[in-house]
Amino acid sequence: MNFLEVSDLHKSYGGVRAVDGVNFSMAPGELLALIGPNGAGKSTLFNLLNGQLAPDQGQIRLQGQSLNGLAPRQIWARGVGRTFQIAQTFASLTVLESVQLVLLSASRRLFSLWSRAAQHQSRRALDLLAQVGMEDQAARACSELAYGDVKRVELALALASDPRLLLMDEPTAGMAAAERHALMRLVRELAAQRHMAVLFTEHSMDVVFGFAQRVLVLSSGKIIADGDPQQIQAHAQVQQLYLGVGAA
């Protein structure tokens, strides 16, 4: 049994087949990149995986259990986390308070009085921040952080629910090369330590080919290639349709 199994997945908008018969699987701890030109269906596929959209046809199974028909909150509770292209944090809270809030939600104590909530799992929250290199900024407001640090806090928020599968939508968007590589090294280490599968979309090919163990290429809603980075770089259709080289 595969850890994540996506079978014959379809989603259409009118006559447009945004996701058209997608099949793939993932193993625990695997870093899998999903690439393709704008409009290829990447965002739709992500939204199907975390329940923001319902598939027209097909199955999504995590460790043998179907995710079809579940709301995003239910899928999150079953171990699917997500980060976004535009980082999502709680700007009015401190870094530590932001992580505590997600820990409260994960333990279903969101409606506790904040006077008590402020003490909730502070040690665990600090441990999560230490894992992403942000423990020394725990007392700072999220609104004061540099963008690269916001991305690290968002990663800590995603890890607070102990995801088995993490979906990362353009994790390095807006970051300089050094920041991109540092963040993805961290993601790779965390994936290995936690046996957490990571599926990420990315436009920076240095990140895709430098960090993904496997690459899926989506075009017009269909997977046109699935292989390791070397295979994808050598794939004639990928070179022609996505990477912009090869036959004219």
* To do: Please report the closest heavy-atom contact between Pro229 and Ala212, naming both atoms and the distance.
  => CG-O, 3.2 Å
* Can you check whether Leu186's main-chain N or O pairs, donor with acceptor, with Glu189's side chain at less than 3.5 Å? -> no
* **Spatial distance of atom CG (Asn50) from atom CZ (Arg73) [nearest 0.5 Å]** => 13.5 Å
* To do: Under the side-chain contact (heavy atoms from CB on, under 4.5 Å) rule, what do Arg194 and Leu166 come out as? Steps first, then yes or no, please.
  => CA-CA 11 Å; Arg194 291 167 166 259; Leu166 181 59; over 6 Å; no
* Polar side-chain atom of Asp8 near backbone of Gly58 as donor-acceptor pair, under 3.5 Å -> no
* Structure fact -> When rounded to the nearest 0.5 Å, the distance separating OG of Ser219 from CD of Gln240 is 11.0 Å
* **CA sep, side-chain torsions, deciding dist, call: Val132, Leu159, side-chain contact (heavy atoms from CB on, under 4.5 Å)** => CA-CA 10 Å; Val132 301; Leu159 296 176; 4.2 Å; yes
* Under the side chain to side chain donor-acceptor pair (under 3.5 Å) criterion, do Arg152 and Gln137 qualify, and how do the steps go? -> CA-CA 11 Å; Arg152 287 176 177 265; Gln137 300 196 58; over 6 Å; no
* Does Met175 reach the side chain of Leu183, with side-chain heavy atoms less than 4.5 Å apart? -> yes
* Could you tell me whether a side-chain N or O of Ser204 sits under 3.5 Å from a main-chain N or O of Asp206, the two making a donor and an acceptor? => no
* Atom CG of Leu157 and atom CG of Leu103: how far apart are they, to the nearest 0.5 Å? -> 9.0 Å
* Asked: Quick one: do Arg123 and Glu135 make a salt bridge, cutoff under 4.0 Å?
  -> yes
* Report the residue from Asp149, Leu145, Val150, Asp136 that forms a side chain to side chain contact (heavy atoms under 4.5 Å, CB included) with Val95. => Leu145
* Structure fact -> For Glu202 and Ile35 the tightest heavy-atom approach is O-CG2, 3.7 Å
* Do the side chains of Gln59 and Val6 get nearer than 4.5 Å, heavy atoms only? -> no
* Please test Arg214 against Phe24 for side-chain contact (heavy atoms from CB on, under 4.5 Å), starting from the C-alpha separation and ending with a verdict. => CA-CA 11 Å; Arg214 197 168 120 237; Phe24 70 94; 4.2 Å; yes
* Asked: Do Asp56 and Arg17 pass the salt bridge (charged side-chain N to carboxylate O under 4.0 Å, His left out) test, and can you show the C-alpha distance, the side-chain angles, and the key distance before you say yes or no?
  -> CA-CA 10 Å; Asp56 298 331; Arg17 296 180 178 179; over 6 Å; no
* Asked: When rounded to the nearest 0.5 angstrom, what is the spacing between CG in Leu32 and CZ in Phe200?
  -> 8.0 Å
* To do: Examine distances only and state if a side-chain atom of Asn23 and a backbone atom of Gly21 form a donor-acceptor pair shorter than 3.5 Å.
  => yes
* Minimum side-chain heavy-atom gap Leu49-Leu199 below 4.5 Å -> yes
* Flag side-chain contact, heavy atom, 4.5 Å: Ser25 against Glu5 -> yes
* Shared hydrophobic cluster, Tyr147 / Leu155 (ILVMFWY, side-chain heavy atoms < 4.5 Å) -> yes
* Structure fact -> Closest non-hydrogen contact found for Ala138 with Leu126 is CB-CD2, 3.8 Å
* Measure the shortest side-chain to side-chain distance between Leu190 and Val198 over non-hydrogen atoms and say whether it is less than 4.5 angstrom. => no
* Asked: Hey, does the side chain of Lys151 reach the backbone of Pro171 with a donor-acceptor pair shorter than 3.5 angstrom?
  -> yes
* Structure fact -> CD1 of Ile60 to CG of Leu9, rounded to nearest 0.5 Å, is 5.0 Å
* For Phe84 against Glu154, the heavy-atom pair lying closest together -> N-OE2, 3.0 Å
* CA sep, side-chain torsions, deciding dist, call: His181, Phe211, side-chain contact (heavy atoms from CB on, under 4.5 Å) -> CA-CA 9 Å; His181 294 176; Phe211 293 93; 3.9 Å; yes
* Asked: Can you tell me how far the NZ atom of Lys42 sits from the OG1 atom of Thr201, to the nearest 0.5 Å?
  -> 7.0 Å
* To do: Please report the shortest heavy-atom distance between Thr94 and Ala139, naming the atom on each side.
  => CG2-O, 3.6 Å
* Heavy-atom closest contact (Val208 atom, Ala33 atom, distance) -> CG1-CB, 4.0 Å
* To do: Taking atom types as modelled, find out whether Glu179 and Thr172 have a side-chain donor-acceptor pair closer than 3.5 angstrom.
  => no
